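Have a look at the structure below before the remarks.
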2 protein chains.
Amino acid sequence: MSRASARAAGLTRAEPIFAALGEETRLALVARLCARGPQSITRLTAGSAVTRQAITKHLHVLAGAGLVHDVRRGRERIWEIDAEGLDDARLWLEKISKRWDEALGRLKKLVEE
Amino acid sequence: MSRASARAAGLTRAEPIFAALGEETRLALVARLCARGPQSITRLTAGSAVTRQAITKHLHVLAGAGLVHDVRRGRERIWEIDAEGLDDARLWLEKISKRWDEALGRLKKLVEE
DNA sequence: CTCATGCGCAACCTCCTGGTTGCATATTAG
DNA sequence: CTAATATGCAACCAGGAGGTTGCGCATGAG
């Protein structure tokens, strides 16, 4: 939580992050990178239903949303999660949920009066 | 958090929710429904860049993800947020983030030894 | 040096998505 | 009853997303 980027205040960055997570293969990639740590493309492709190229594309989408970053190591490229992105998304959800709870409180109060 | 549905344990429900939130117009709709409370389609369309029909479609997508529900009232249809969906998404993010933190801890430990 | 690995690039292809327009239907205001 | 309001339904469209295949290039293993 302490690592969440400050700009998470607005909903600016939220949409691309949700869009990136809103696809089965990518969501699985994120889950995998979180659970098993940094991995190469080939390794990430293993066990997946799609081609290495497809995985590569998905990784680039995730990178575009700031959810992962990569480092070249020898002849392979290692991809690692960027947890700040996840935090930003979570913060956005918290903020919006809270806003709804407040609205709900007002509505309830309005009915009671 | 107490309202989050239990099934949030797996990532089952997470993907459609993220997919629904991963579109500008829909994310704005969710934000608006949370901030200003239940509203009719026409009201939600006001101020939006797209057609009422487009808004209607988006609302159905959100409903499909369990993020909103609607009630007919007279000749208008009122849409309201279903905050459990937001909670589910948040819980998924928390779970995965935590998993990554643990993995990171293990990696750090591995390097130090 | 030679080969097997691990990737990157690019051309294609298909489907779904976001949006629109046109028209029909239901309700409430007067 | 009549008109205006609030939606619903369906056909249509362009563009982008997800996926594949084919081929070229760099790098590490022997």
Side-chain angles (χ1 to χ4, degrees), chain A residues 11-33 36-81 85 89, chain B residues 11 14-33 36-81 85 89:
Chain A
L11 57 77
T12 321
R13 242 171 72 78
E15 187 249 305
I17 293 180
F18 287 137
L21 294 176
E23 203 275 341
E24 209 181 341
T25 307
R26 283 196 295 267
L27 196 61
L29 279 175
V30 168
R32 185 166 181 167
L33 284 174
R36 310 192 201 173
Q39 295 173 51
S40 72
I41 298 180
T42 303
R43 189 121 162 270
L44 285 168
T45 303
S48 170
V50 297
T51 315
R52 169 180 60 87
Q53 307 295 355
I55 297 293
T56 298
K57 282 192 185 177
H58 283 308
L59 287 170
H60 281 299
V61 172
L62 289 172
L67 285 170
V68 299
H69 68 270
D70 63 293
V71 177
R72 186 104 206 199
R73 199 180 64 188
R75 66 181 158 183
E76 55 187 7
R77 185 176 294 278
I78 306 298
W79 291 82
E80 180 172 328
I81 244 325
Chain B
L11 58 76
E15 186 249 307
I17 294 180
F18 287 136
L21 295 175
E23 204 276 340
E24 209 180 344
T25 308
R26 282 196 294 266
L27 196 62
L29 280 175
V30 168
R32 185 167 181 167
L33 285 174
R36 309 191 202 173
Q39 295 173 50
S40 72
I41 298 179
T42 303
R43 188 119 164 272
L44 285 168
T45 303
S48 169
V50 298
T51 316
R52 169 182 60 86
Q53 307 294 355
I55 297 293
T56 298
K57 281 192 186 180
H58 283 307
L59 286 170
H60 281 298
V61 172
L62 289 172
L67 285 170
V68 300
H69 67 271
D70 62 295
V71 177
R72 186 104 207 201
R73 199 180 63 189
R75 68 180 157 186
E76 55 187 7
R77 185 175 294 281
I78 306 297
W79 292 82
E80 180 172 329
I81 242 330

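Just so you know, these numbers come straight off a predicted model, no measurement behind them. The figures that follow rest on heavy atoms only: side chains count, while hydrogens, waters and symmetry mates do not. In what follows, chains are A, B, ... by sequence order, proteins preceding strands, each numbered from 1.
Counting non-hydrogen atoms of neighbouring residues, nucleotides and ligands closer than 6.0 angstrom, the CZ atom of R43(A) reaches no more than 12 such neighbours. Other residues, nucleotides and ligands contribute only 12 or fewer heavy atoms inside 6.0 Å of the CZ atom of R73(B).
Spacing between atom CD1 of I55(B) and atom C1' of dA6(D) amounts to 15 Å, rounded to whole angstrom units. One can place CD of E76(B) at 10 Å from P of dT28(C), the figure rounded to the nearest angstrom. With rounding to whole Å, H60(B) atom NE2 is found 8 Å from dG8(D) atom C1'. One interatomic measurement links the two molecules: CD of Q39(B) to P of dA6(D), which rounds to 14 Å at whole-angstrom precision. Per the geometry, CG belonging to L29(A) stands 10 Å off P belonging to dG19(D), to the nearest Å.
For A46(A) against R32(A), the heavy-atom pair with the smallest separation is O-NH1, 3.0 Å.
Here R77(B) reaches the OP1 or OP2 of dG8(D): one of its side-chain N or O atoms lies under 4.0 Å away.
The CG atom of L67(B) sits 10.5 Å away from atom CG of L33(B), with the distance rounded to the nearest 0.5 Å.
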Start with the C-alpha distance between I41(A) and R52(A), add both sets of side-chain angles, then the distance that settles side-chain contact (heavy atoms from CB on, under 4.5 Å), and finish with yes or no.
-> CA-CA 7 Å; I41(A) 298 180; R52(A) 169 180 60 87; 3.7 Å; yes

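Rounded to 10 degrees, the angle separating the terminal helix axes of the helix from dC1(C)-dG30(D) to dG30(C)-dC1(D), each built from five base pairs, is 30°.
The side-chain heavy atoms of E76(A) and I78(A), taken from C-beta on, include a pair separated by under 4.5 Å.
Not a single donor-acceptor pair under 3.5 Å links the side chain of T51(B) to the backbone N or O of A54(B).
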When every nucleotide of nucleotides 15-27 of chain C is labelled 5' to 3' by its protein contacts under 4.0 Å (heavy atoms), B for base, S for sugar-phosphate only, - for none, what sequence of letters results?
-> ---SBBBB----B

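In this structure, W79(B) and H60(B) have perpendicular ring planes: the angle between them is above 60°, well past the 30° mark.
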